[in-house]
Amino acid sequence: MNLRLIVRIAKSLLLARWKQTLVAAIGVTFSITMFIALLSFMSGLNNLLDGLMLNRTAHIRIFNEVKPNIYQPVRMLHEFRDSYNFIRSVKAGSSRQEIYNSGAIIHVLKKDFRVRGVAPKITAPVFFNDGAIDITGIIYGIDVSAESNLFHFGEYVAGCNPLDLKNVSNSIILGEGLATKLMAGIGDVVQVTTITQEQFPLKVVRFFQSGVQELDKVQSFASISTVQKILGKPSDYITDIQVKLYDIDQAPALAKEYANLFQADTEDIQTANAQFETGSFVRTLISYLVGITLLIVAGFGIYNILNMMIYEKMDSIAILKATGFSGRDVNRIFMTIALSIGLFGGLMGLLFGFLFSLVIDQIPFITAALPTVKTYPVDYNPVFYFIGSSFSIVTTYLAGWAPARKASRIDPVITIRGK
Amino acid sequence: MLNPVAIIGDATNFLIEMKVDENDIARIRQGQRVLYTMDSYKGKVFEALVEKIEPLMEEQSRSFTVKAVFVTRPPTLYPNLSVEANIVIQVKEKALTIPRSYLVGDSMVKLSSGKMRKVVVGLKDYQKVEIKTGLSESDKIMESAR
C-alpha cells in the first residue's frame, strides 16, 4: 500500500478522536517543555555555581610549600639507607616562598601546547592600617590582563574596569567587605604595613566581589610590580604560577609532570576542589532523571490512548483488513499515529521549553555576592533540545509499538462474524 | 633597618648551627654523628660531629642551639647558608619493628591465635614501632580491630 494512503488513514483516525489526540500530544508537549526548562535552568545554575570557584581557580598551581623535607640526610646516606630510621621532630627547612627560576618556568609553560595561559601571582600578607586598628589582609599581586583573560577577574570587579590597576601606579582593588571595614571609597588612600614593618600608601581604584563574603573581608589585589615594591623584592619575585589548560582533565597528570620538571610543589584543580565536580554531577543527574521520568509518564499516556483507540476502532481495522490492507499496513498506520503525536508534541515542547527558559531568564536574581548576575542563569545548550526531541520520538515509538502490533494481528473474520 | 658596616670573621672556618626542640634536647650528647644536606649542594650528604650544646633555651621557639664541627665538608662555603641536619642518637642493628597499627593500646599485641600479649616497646613513629622484648621474629600477630 502506498504511504500517502496510510498517512491519510492515520490522519482521519487521529482527527476522529481529536480530543484524545490532543491530550496525548499535550502530555508529550508538557514533559518536553519541563525537560528543556529544567535542564536549561539547572545547567545554568550549575555553571554559575561552578564558575564561582572553577573559573577563578587555576587548573594547576605551581608554588613552594613550607613543609618538612622528605629527603632527610640520614635516608640518603648509603650506610643507613636500607635500615628503618626513626626521625624525631622533623622541621620545615629553610624553604622560601619564592619560586626558583620563575622566569624560565613561565617561558617553558607558555611554549607548552597543552597550556592555554599562564598567570604569575604574588601572595603578600599585610596589615591595613585604619587609625589605631590594624586589619589583617592579603594583597595578591596579579598580572591584570592575564588574570582577566584566564580567570574572569574583570567579572568580579564592580564597575568592570580592572585595567585601572595597571594604569594607575600604586593602586589597589579592595575586597568589598574589607573596604567597608576600612571605610574606604574609590580614590581614597589606604596605608598598608608589611610583615617587615614597612609602611606603604596605596590608592583604591575599584572594589572586588568574589561571591564568597569571607574572602572579600581579607582579599585585595594590586599589580605584580606594586606588590614587589611593597615587599622590597626584585622584579623576578613570584610566589605562585597559575596555569590554565585547554583540557582540564589533564591537570592531575600534568601537575605531576611539572612538579618533577620544575622541582616545585604543584596542585591540580581536581585535588583542590574535588567536591565541586561531584556536586554539579549529582545535580545534572537528578535533573536528567526527572526529565526522563516525565517523558516515560507521557509515553504511558500515549500507550493508553492508542490501546483505547484500537478497541474502539476494532471494526474499522477489520474492514480495512477485509478490503485488502495487510497486517504490516495496519501496523504502519498505528505507528504513524504514535510517531506523529510524538513529533508534534515534541516540537511544541521544544518551542514552549525555549519560551519557558526565556521567561526564567527574565526573572530578577540579584545577589550582593555576584555583581554581574542580574537574572536567573539559563544555559541554552542545543544538546538539551536534541536529547529532548530524540527522546520524545523514542518514547512514543516504544509506546506505539505494542498497540500497533496488536492491531495488526486482528483477524477480520472473527471480528466481523462477532457483530 | 640597621645594616652593619662590616662583619669580621674567619671566612675559612665554619660551624653548623642547629635548632633542637626542647623535647629532644636530653638525647643530644657531645660527639654524636651529624648528617647534613645543604640547599647549595643538592643531593649530597656530609658528616659532622656535635661539639657544643648552648645551655640557654631560646624562649620564643622553645628550642636549643646545638653546634657541630665538620668531618666532611663541601669545598666552598659561605656564611648563613642553610643546612638540614639529622643527629644520629642511636644505631641499633637487628632491631625488631612492627607496623604501628598492630600495636594495641600502649604495649599490647594480638597474636594470630587471638591471645593478647604484653610487650616492651622502644622507639616509635607514626608508621613503625620497635619491640624490645616480648615478641620474637617467628611470632605471628594480627592487626588490632578498631
Side-chain angles (χ1 to χ4, degrees), chain A residues 63-102 104-105 126-127 192-200 228-234 236-237 239 259-265, chain B residues 1 16-28 32-48 61-64 68 71-72 80-100 121-131:
Chain A
F63 59 108
N64 267 344
E65 198 168 17
V66 177
K67 64 168 182 209
N69 192 352
I70 47 166
Y71 302 106
Q72 289 294 314
V74 67
R75 297 214 172 113
M76 288 162 73
L77 196 72
H78 190 70
E79 191 183 336
F80 294 123
R81 193 178 289 159
D82 300 326
S83 54
Y84 190 82
N85 302 306
F86 290 94
I87 306 174
R88 296 178 137 266
S89 81
V90 180
K91 291 211 170 66
S94 61
S95 28
R96 7 177 244 177
Q97 298 233 283
E98 179 186 354
I99 296 174
Y100 176 66
N101 216 357
S102 57
I105 294 180
V126 292
F127 295 110
V192 297
T193 309
T194 62
I195 15 180
T196 50
Q197 297 299 316
E198 316 259 348
Q199 282 219 335
F200 213 90
Q228 282 164 347
K229 222 187 295 176
I230 297 173
L231 294 175
K233 299 282 185 187
D236 66 340
Y237 179 85
T239 58
N260 261 329
L261 188 61
F262 302 135
Q263 294 290 307
D265 295 298
Chain B
M1 233 209 280
I16 302 173
E17 252 186 31
M18 298 169 285
K19 299 270 180 225
V20 178
D21 200 279
E22 63 172 320
N23 285 325
D24 305 314
I25 193 68
R27 296 159 210 271
I28 310 288
Q32 276 169 343
R33 256 174 106 188
V34 178
L35 305 172
Y36 67 96
T37 54
M38 300 187 71
D39 282 358
S40 35
Y41 292 91
K42 281 223 161 88
K44 282 194 183 144
V45 192
F46 304 103
E47 279 193 55
S61 58
R62 313 293 301 172
S63 63
F64 288 81
V71 175
T72 54
N80 297 334
L81 286 181
S82 49
V83 150
E84 174 143 28
N86 293 153
I87 301 175
V88 183
I89 289 163
Q90 200 188 12
V91 180
K92 198 170 180 180
E93 278 174 35
K94 300 203 173 98
L96 182 68
T97 60
I98 60 167
R100 179 72 186 257
V121 296
L123 291 170
K124 58 184 166 194
D125 61 11
Y126 302 119
Q127 278 90 39
K128 290 201 173 184
V129 182
E130 181 200 354
I131 304 292

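Per chain, numbering begins at 1; letters A, B, ... match sequence-line order.
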Subject >> Engaged part of Val34(B) at the chain A interface, taking heavy atoms whose separation is under 4.5 Å >> reply: neither
**OP:** Enumerate by number any residue of residues 16-24 of chain B whose heavy atoms lie under 4.5 Å from heavy atoms of chain A; in the absence of such residues, state 'none'.
**Re:** Lys19(B), Asp21(B), Asp24(B)
**OP:** Using non-hydrogen atoms and a 4.5 Å limit, figure out which bit of Ala85(B) sits close to chain A: side chain, backbone, both or neither.
**Re:** backbone
Original post:
How many angstroms lie between atom CD1 of Ile99(A) and atom CG of Asp236(A), to the nearest 0.5 angstrom?
Top reply: 11.0 Å
Subject >> Neighbour count above 12 (heavy atom, 6.0 Å) for Tyr100(A) OH >> reply: no
**OP:** Mark yes or no for whether Asn64(A), through its side chain, and Glu98(A), through its backbone, hold a donor-acceptor pair below 3.5 Å.
**Re:** yes
Subject >> Toward chain A, the part of Lys92(B) with a non-hydrogen atom under 4.5 Å >> reply: neither
**OP:** Would you mind reporting whether Val121(B) and Ile131(B) have side-chain heavy atoms less than 4.5 Å apart?
**Re:** yes
Original post:
Angle class for the Phe46(B)/Tyr41(B) ring planes (parallel below 30°, perpendicular above 60°, tilted otherwise)?
Top reply: perpendicular
Original post:
Looking only at heavy atoms, what is the nearest atom pair of Glu130(B) and Phe86(A), with distance?
Top reply: N-CZ, 4.0 Å
Original post:
Between Leu35(B) and Glu47(B), is any pair of side-chain heavy atoms under 4.5 Å apart?
Top reply: yes
